[in-house]
2 protein chains.
Amino acid sequence: MNIGDVADLSGLPAKTIRYYEDIGLVAPLRSSNGYRSFRQSDVHKLAFLGRARALGFTIEDCRSLLKLYADTERASAEVKEIAEVHLERIDGKIAELTEMRATLSHLVKACAGDQRPDCPILADLAMENKADPGKKASG
Amino acid sequence: MNIGDVADLSGLPAKTIRYYEDIGLVAPLRSSNGYRSFRQSDVHKLAFLGRARALGFTIEDCRSLLKLYADTERASAEVKEIAEVHLERIDGKIAELTEMRATLSHLVKACAGDQRPDCPILADLAMENKADPGKKASG
DNA sequence: GTTGACCTTCCAGTTACTGGAGGCACCATC
DNA sequence: GATGGTGCCTCCAGTAACTGGAAGGTCAAC
């Protein structure tokens, strides 16, 4: 199979598939004309990668997961460990974003959003209410 | 003030401050010895940047926000627009992460995490339950 | 034999920094 | 005036995971 077909099947852009070959995640064969020639197993791998990436796993996670997948002697504990670390990463990000969201939505609500220059958003960013912008807030 | 003092005051690493000068967000003076010489207004600007970045605004957002902040004729609507777009970006990310989290935590719970090779996480990524890995799921 | 789709490689750009090398500047001390 | 330590300078490279584009080869159809 050529890269275009594999792109259609796996849902990954051809560019991405080439990149994955570059970094050693897949190793398709080559036809005599120089075209990459993908086997079913390559397509399977790429689909696996697509789903792992969709779950937010890093490329290095994906590399480890592929290795574990290939190893029928693996302990599921190793897979679970990777997933748990990733889950915590996600939780961290969600927490961070949720905090940002809270502050930001508060500010957006407070802003009139009209033609006047007065703006609580800018005021907050500039800490205009703060007398001494160099010390930590006391509250 | 030298860059080290400003770094302490603003909470930004010196490296980041230099980078911000590079991309034109601040323009400190120079002393005769070539050192950057920061005024109070520069420090204020950098603290502004630090807070905007902490809220997740992109550098380009920050550039716009600084410009609006400097413009006393601004309409708060412009500021609000930037903030609202950013808020939607955040909501999008939270939604995405929340979905990932749901799937992932489901899989993690299903995985024994012991010495045996059987692993629902890998099974899911490989879509082993799927007879035809090339079509969309029917359910 | 030429069009057009598809494939190739290679290089550069994206975001927002961060690390490090190599080298002055400054201050204190001997 | 030499030395040591810290701080500052510039410039280059690397990060994560692609993505876009240029320049050019291949293939099937007409």
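Excluded from the calculations below are hydrogen atoms, water molecules and symmetry mates; all remaining heavy atoms, backbone and side chain alike, are included. A, B, ... follow the sequence lines: proteins, then strands. Residue 1 opens every chain.
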(request) If the plane angle is over 60° it's perpendicular, under 30° parallel, otherwise tilted; pick one for B:Tyr69 and B:Phe48. (result)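 Aromatic pair B:Tyr69/B:Phe48 classed tilted.
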(request) Compare every heavy atom of A:Ala83 with every heavy atom of A:Phe57, then report the nearest pair and how far apart it is. (result) CE2-CA, 3.9 Å
(request) Indicate the atoms forming the closest heavy-atom contact of A:Phe38 with A:Ile3, along with that distance. (result)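 For A:Phe38 and A:Ile3, the tightest heavy-atom pair comes out as CE1-CA, 3.7 Å.
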(message) Taking the side chain as everything from C-beta on, heavy atoms only, tell me whether A:Lys93 gets closer than 4.5 Å to B:Lys93.
(response)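 No; the side chains remain at least 4.5 Å from each other.
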Interatomic distance where [atom1] belongs to [X] and [atom2] belongs to [N] [whole Å]:
X: A:Ile3; N: D:dT26; atom1: CD1; atom2: C1'; value: 15 Å
X: B:Asp22; N: D:dT10; atom1: CG; atom2: C1'; value: 10 Å
X: A:Met1; N: D:dC27; atom1: CE; atom2: P; value: 19 Å

(message) According to salt bridge (Lys or Arg N to Asp or Glu O under 4.0 Å), who are the partners of B:Arg74, at least two apart in sequence or on a separate chain?
(response) none
So that I can tick it off, tell me whether [Y] and [X] are bridged by a salt bridge, with the cut-off set at under 4.0 angstrom between side-chain N and carboxylate O.
X: B:Asp118; Y: B:Arg116; value: no
X: B:Arg30; Y: B:Glu21; value: yes
X: B:Asp61; Y: B:Arg53; value: no

(request) Using a heavy-atom cut-off of under 4.0 Å over every strand shown, decide if A:Ile23 touches base, sugar-phosphate, or nothing. (result) nothing
(message) Return a single string for nucleotides 15-20 of chain D, one symbol per nucleotide in 5' to 3' order, where B is base contact, S is sugar-phosphate-only contact and - is none, cutoff 4.0 angstrom on heavy atoms.
(response) --BBSB
(request) Name the closest nucleotide to the A:Arg18 side chain, picking from D:dC8, C:dC7, C:dT8. (result) C:dT8
(message) Contact list please: residues 26-38 of chain A against DNA chain D, heavy atoms, distance less than 4.0 Å, in numerical order.
(response) A:Asn33, A:Tyr35
